[in-house]
Structure formats: C-alpha cells, structure tokens
Number of protein chains: 2
Amino acid sequence: MTGSGEGLTTLKEFQDWVDLSRQAICREIFARNSERIGVKKEATAVRNLSRIIDATLRLANEKGFQAMTLRDLSGETGMSMGALYTYIGSKDELVRLIQSHGRLLTGRVMHDSLEAVTGAVPRLSAAIRAHVYLTEVLHPWFYFSFMESRHLGRREIEAAIQGELASEKIFADILAEGQQEGLFRRIDVTLAAASIKALMQDWYLKRWKYSRRGVGAEAFAAHLIAFVLAYVGFAAPADGRC
Amino acid sequence: MTGSGEGLTTLKEFQDWVDLSRQAICREIFARNSERIGVKKEATAVRNLSRIIDATLRLANEKGFQAMTLRDLSGETGMSMGALYTYIGSKDELVRLIQSHGRLLTGRVMHDSLEAVTGAVPRLSAAIRAHVYLTEVLHPWFYFSFMESRHLGRREIEAAIQGELASEKIFADILAEGQQEGLFRRIDVTLAAASIKALMQDWYLKRWKYSRRGVGAEAFAAHLIAFVLAYVGFAAPADGRC
DNA sequence: GTCTATACAACGATAGAC
DNA sequence: GTCTATCGTTGTATAGAC
C-alpha cells in the first residue's frame with residue numbers, strides 16, 4: 001500500500017496500486033479453474049479466456065446476455081464454437097465465472113484499501129473512493145454483474161445477495177464507528193449504508209449520464225463523500241456553512 | 001388534488017388520489033392502441049390486455065424478458081399463442097407498450113403531484129414522496145422498465161433517456177429554486193439531482209433488501225427527504241444539530 | 001375471438017477430422 | 001488445440017378451423 005493513512009486519493013494512484021488488467025485477472029481465473037479448462041498451456045489459455053470474457057462483456061452489455069448467441073461470441077472472439085467449448089462448460093457457466101470472480105475482486109480490493117486507514121472520516125472517504133475507482137476500472141464487469149444476476153441459479157443468486165450485504169456492511173461499520181467516536185450524529189446506519197451503496201451504484205449503472213456531462217470518477221467520488229458527510233453531520237473542512 | 005399545500009404525505013392518500021389499478025391502466029392502453037388491436041369489445045380487450053401485461057411483468061422480472069418465451073406467456077395467461085397475437089404485434093412491441101406507458105404515467109403523476117405545492121422544501125419532499133409511492137404501487141412496472149430498456153430499438157432508447165433526464169430535471173429545478181430562495185447552500189444541482197434519482201431508484205431495484213428489513217415506502221421516503229435536506233444544508237425541524 | 005397445428009429459422013451443444 | 005459439420009431442440013410467428 002503506497003499512500004497509507006488517508007488511503008488512495010487519485011484514480012491513477014489506485015490503478016498503480018492494484019493490477020486490474022485483463023491479463024492479470026484472467027491468469028487468476030485460469031488458476032482457479034484449470035481443471036475444468038481443456039487447454040493446459042497457460043499463455044494460450046489466458047489469451048483466449050481474455051478474448052472470451054472481453055467479448056462477452058461487450059456483447060452482453062449491449063444487448064443482454066440472453067440475446068447474445070454463442071455464434072455472436074464466436075464471431076467477436078474469432079474463435080470457433082468448438083474452441084469456445086474447451087474453455088467454457090456451457091453458456092450459463094460463463095455468467096457464473098464472471099460474476100463470482102467479480103465478487104472475489106470486490107471483496108479483496110475493498111478490504112485492502114481500508115487496511116491501513118484509521119478514523120471514521122478517512123475510512124469512509126477511502127471506502128467510497130475505492131468502490132468508485134474499482135467500478136470505474138472494471139465498469140463493464142460490474143454493469144454485467146448487476147444486469148445479468150437473474151440468469152443465475154438459486155444458489156448463485158444467494159451468493160450475489162450475500163456479496164451485496166457484505167459490501168454494505170463495510171459502510172455500516174464505518175458509520176457506527178463514527179458515531180461512537182462522536183463525529184457523526186444519530187442516524188440509522190443500515191439505511192444510510194444502503195443509500196451509500198445506491199449512490200455508488202449509479203456510477204456504473206448510469207455511466208452515460210456522467211460521461212456526457214464530463215464528470216470523472218474523482219469528481220464523482222468527491223461529490224459522494226461530501227453528500228454522505230453532510231448527512232452524517234460532519235461539516236466539510238473548507239466550507240462556510242453551519 | 002386533496003391534500004394541497006404540502007402535497008400528499010401518506011401512501012394511502014397517494015393511492016386514493018391516483019387510480020393506478022391494472023384495469024384503469026389497461027383501459028387507457030387500449031384506448032391509445034385500439035387500431036392496432038384486433039379485438040374491438042373494450043371489456044374483453046382490457047381483461048386480456050391486463051392478463052398479458054401482468055404475466056409479462058411476473059415472468060420477465062423473474063428470469064428476464066429475453067428468457068421469457070411466448071409459450072411461457074401463453075401458459076401463464078391461459079391464452080393460446082394465436083390469441084396473444086391479436087393483442088400484440090410482436091414480442092418486441094410488448095416491451096415498447098409497457099415502457100412507453102410507464103413513462104406517460106410517471107410524467108403525469110409527477111406533474112400533478114407538484115401542481116399545488118409551493119416552496120422549495122415542500123416541493124422537494126412532495127416530489128420524493130410521489131416518486132417513491134409511484135414506484136411502490138407500480139413496482140413490477142418500474143423494475144421491468146429499468147432492466148429491459150436495452151431490448152428496445154435506438155429510437156425508444158432515446159425516449160427512455162429523455163424520460164430519465166426530464167424526471168431528473170424536476171429535482172434540479174426545485175434545488176435551484178431553493179438556492180434562489182436562500183434556503184439551500186451552494187451545490188451542483190445537476191449532480192445533486194442525479195444523486196436523488198439514484199437514491200429513489202434503489203427503492204425498486206433493491207426491493208428485497210428493504211422488504212426483509214421491514215422498511216416501508218413511507219419510512220424510506222422520510223429517510224430520503226432527511227438525507228437530501230441535510231446535503232442541501234436545510235436543517236431538519238426537530239433535530240438538535242447545527 | 002379463440003383455438004390447434006405447423007412453418008421455418010436459430011439456438012446450444014457435440015462428434016470427429018485435422 | 002482448433003476446426004467444420006451436424007444433431008436435436010426450441011424459438012417466434014402464422015394459417016386456417018371453429
């Protein structure tokens with residue numbers, strides 16, 4: 001962790017800190033699913049896995065996963081249908097693969113981002129920034145996960161719900177900490193944490209809106225931090241109100 | 001309008017004020033599309049149209065519109081495939097029908113809810129309540145519209161975007177009004193309006209979360225109003241801060 | 001107005017050559 | 001490891017009887 005204490009502030013710092021390149025991600029996916037994948041050479045497998053996931057996110061985010069056919073995927077990746085099936089067991093397994101690895105990454109990044117940060121306000125800021133920057137870098141991944149969560153089985157849907165609640169709890173805990181420190185006023189921390197999640201989610205659900213207005217990830221994160229701190233009753237430093 | 005001045009406060013007042021029953025809605029849909037529908041007797045048409053839309057929302061919200069087949073729809077409605085096609089021109093037209101009428105209702109309800117309300121704070125409260133209560137009553141409708149907007153054509157996607165921006169503008173205008181009245185502090189009204197929309201959207205996107213926690217529409221609306229008023233710098237009445 | 005029967009295209013998935 | 005060819009199934013949509 002480079003900028004400890006206050007957490008990572010800029011998007012660039014965040015990107016330099018975590019390696020969220022497709023290659024790094026697909027290498028880990030390959031390591032975690034090597035038995036089920038018919039191709040044994042890592043370099044080949046990672047390259048093709050990367051193509052498949054990339055094309056899936058592109059096609060599915062444009063017209064939906066169900067509407068994307070494996071023939072579309074074959075065309076977009078430049079691989080034959082037969083070749084696709086050496087990497088994935090079925091079309092449905094592809095959704096599970098992407099979703100479950102997304103949850104893994106989210107949990108890890110959120111945890112690591114807060115590890116060295118102390119104090120409710122810096123932790124709250126760091127958590128919001130980490131989440132916004134993560135969804136900025138992996139935007140297609142998160143958009144896909146949200147929109148296609150219905151195509152999972154009962155068991156996987158439960159995992160998605162638990163992931164949502166776990167990530168919400170991070171915020172609820174920080175808010176409770178701030179109350180105990182006497183920094184935040186009395187609020188319903190669960191309701192407030194849910195609202196913070198809703199605000200952050202807008203960054204990857206309505207990306208088009210912020211793009212066309214020229215609002216970047218850093219400005220958006222700063223806005224959210226100010227929004228939330230106002231609600232919890234913590235006055236922003238260089239602001240003449242109250 | 002019954003409770004003028006401050007706007008409608010309880011969910012029940014809202015429900016008594018607007019008729020959002022399936023029957024009333026489907027009667028209007030029939031009136032607006034009577035030429036394209038093969039059935040001429042209103043009573044029959046409205047009853048079957050109601051069945052079709054009801055079943056579509058139920059099936060599509062569970063597993064997605066693309067995954068819902070017309071054979072599913074036939075089974076759920078108790079109508080034959082042939083009968084379905086006397087009401088809808090195609091599967092895609094069914095999405096358009098539901099989405100465009102949803103936008104019509106939203107625009108009308110938001111407009112009428114604010115008509116007799118004056119002052120930035122009452123207007124902001126009334127607008128948030130109207131939106132939360134509307135999406136509470138027509139929850140399946142709004143969930144469907146959000147999730148399936150990608151399955152529309154270019155032209156309809158543009159209409160959906162315009163609807164989103166129009167409804168956002170209602171909030172931006174109220175915030176600007178509050179600033180001019182000197183009630184609200186200096187903020188980016190566009191960014192704030194987008195955040196309000198994001199918060200309200202959570203009510204129909206993550207309904208399961210609030211259901212399992214026992215949070216109702218009125219409590220949720222009250223929470224959002226407090227959240228937003230804190231951000232704009234307007235202190236809540238019975239609250240000892242500032 | 002509603003039904004049954006069916007057309008025909010496109011889907012996911014696999015076998016076997018290379 | 002990757003390709004081509006093809007299987008069986010299921011999708012949307014319609015024609016014509018009732």
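Residue numbers begin at 1 in each chain, while the letters A, B, ... track the order of the sequences.
The side chain to side chain donor-acceptor pair (under 3.5 Å) search around B:Arg36 returns B:Glu93, not counting sequence neighbours. Shown here are the side chain to side chain donor-acceptor pair (under 3.5 Å) partners of B:Arg27, two or more places apart in sequence or in another chain: there are none. With sequence neighbours excluded, the residues satisfying side-chain contact (heavy atoms from CB on, under 4.5 Å) with A:Ser145 are A:Gln99, A:Trp141. The side chain to side chain donor-acceptor pair (under 3.5 Å) search around B:Glu76 returns B:Arg58, not counting sequence neighbours. With sequence neighbours excluded, no residue forms a side-chain contact (heavy atoms from CB on, under 4.5 Å) with A:Ala31. Residues satisfying the side chain to side chain donor-acceptor pair (under 3.5 Å) test with B:Thr9, not counting sequence neighbours, are B:Glu13.
Near-neighbour residues of DNA chain D inside residues 35-55 of chain A, defined by a heavy atom below 4.0 Å, number-ordered: A:Val39, A:Lys40, A:Lys41, A:Thr44, A:Asn48.
Atom CG of B:Leu49 and atom CZ of B:Arg22 lie 13.0 Å apart (nearest 0.5 Å).
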Where protein sits on nucleotides 11-18 of chain D, one letter per nucleotide: B base, S sugar-phosphate only, - none, heavy atoms under 4.0 Å: BBBB----
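Atom-to-atom, CE of A:Met79 to C1' of D:dT4 comes out at 15 Å; the value is rounded to the nearest Å. Separating the CG atom of A:Leu59 from the C1' atom of C:dC11 is a distance of 16 Å, rounded to the nearest angstrom.
Between B:Tyr87 and C:dT2 there is a side-chain N or O to OP1 or OP2 distance below 4.0 Å.
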Review item, side-chain donor-acceptor pairs of residues 195-202 of chain A, under 3.5 Å, at least two apart:
residue  : atom : partner  : partner atom : Å
A:Ser195 : OG   : A:Leu191 : O            : 3.2
A:Ser195 : OG   : B:His223 : NE2          : 2.8
A:Lys197 : NZ   : A:Glu164 : OE1          : 3.4
A:Lys197 : NZ   : A:Ser167 : OG           : 2.7
A:Gln201 : OE1  : B:Lys206 : NZ           : 2.6
A:Gln201 : NE2  : A:Tyr204 : OH           : 3.1
A:Asp202 : OD2  : A:Tyr210 : OH           : 2.6

